[in-house]
Amino acid sequence: MRRKLAAGNWKMNGLTAQLAEVEALCAAHPSPSVDLLIAPPATLVSSMVVTASDHALDVAGQDCHPESSGAHTGDISAEMLKDAGASHVILGHSERREDHNESDDIVRRKTRAALDAGLKVVICIGESLEEREAANTLDIIAGQLAGSLPDVLTGENTVIAYEPIWAIGTGKVPTLAQISEVHTFIRAKLEARYGEGVGRSIRLLYGGSVKPANASDIFAVPDVDGALVGGASLKAEDFSAIIKALENAA
Ligand code: 13P
């Protein structure tokens, strides 16, 4: 019942020439059986929207400000992303939480702003290595869910990405049992807070060192509805292999 989603997060990577990878990706997937999303840097949002305009590929921002306009030099509002043609925004990525001291409260305010502007959100949560080693993973996840999510959301407008910080860009991947434990826990928390119908309809992505070589195994885990892919989303060939693995799992 939940359509699978392959999402790419380009982070602070990509100049105009990188759009050739999106052209190649679109050509390789003219009618994908899963949803496709890429979050380029803000400078490429509108040009990627044009590149992908005839294709089933949505474009996301990587962050937005909690307010819709005002004196916030360097920031971008949800309305601006929407105006540029984005359909989604990633919020609460661990790199934003760390580099910009983003708290759960800020993430929740940004989420509300994004939903109000008509954007869909991909909200990221995940534990650090110290937290996992201290056996605190599920407490951390529960706290981030409670604090980062607004009281009203739907499966249509919200995706949750579980990204253990220690797996991001490191080549280290949790065991399938560890991924399964956290995704099952997140699902139960969502059902308890939003009711079974909404809780079951929210898609859960896994993120952190997803590659063509490990994608099929990860996608076989119950309650993994797709992936949020960093490095491997920059090359059409790699992202395409991950998309195919997801299509085969769907
Ligand atoms: P990597 O796939 O490069 O580990 O990045 C994951 C990530 O942070 C996606 O948001």
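Read the numbers this way: they start at 1 and go in the same order the structure lists the ligands and their atoms.
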For this session: Select the closest option to atom 9 (C) of ligand 1 among Lys172, Glu163, Lys211, judged by heavy-atom distance.
Result: Glu163
For this session: Give yes or no for whether the N/O distance cutoff of 3.5 Å, strictly under, is met between Asn9 and ligand 1.
Result: yes
Exercise. Charged N to carboxylate O below 4.0 Å: is that the case for Arg112 and Asp151?
Worked result: no
Exercise. Atom 5 (O) of ligand 1: which protein heavy atom is closest, and how many Å away?
Worked result: Lys11 NZ, 3.2 Å
Problem set entry | Arg193 (side chain) donor-acceptor with Leu149 (main chain) under 3.5 angstrom | yes
For this session: Would you check the N or O atoms of Gly208, main chain and side chain alike, for any that come under 3.5 Å of an N or O of ligand 1?
Result: no
For this session: Return a yes/no value for Ser209: is any of its N or O atoms, backbone included, closer than 3.5 angstrom to an N or O of ligand 1?
Result: yes
For this session: Number the atoms of ligand 1 from 1 as they appear, then name those within less than 4.0 Å of a heavy atom of Gly231, with their elements.
Result: 1 (P), 2 (O), 3 (O)
Exercise. For ligand 1, which atoms sit closer than 4.0 Å to a heavy atom of Leu228?
Worked result: 9 (C), 10 (O)
For this session: Only heavy atoms count here, so choose which of Gly8, Pro164, Gly230, Gly169 is nearest to atom 4 (O) of ligand 1.
Result: Gly169
Exercise. Relative to the ring of Tyr206, is the ring of His183 parallel (under 30°), tilted (30 to 60°) or perpendicular (over 60°)?
Worked result: tilted
Problem set entry | Over 12 non-hydrogen atoms of neighbours within 6.0 angstrom of NZ in Lys211 | yes
Problem set entry | Expected output: side-chain Glu191 to main-chain Arg200 donor-acceptor under 3.5 Å | no
Exercise. Do Tyr162 and Gln144 meet the criterion of a side-chain donor-acceptor pair at a distance under 3.5 Å?
Worked result: no
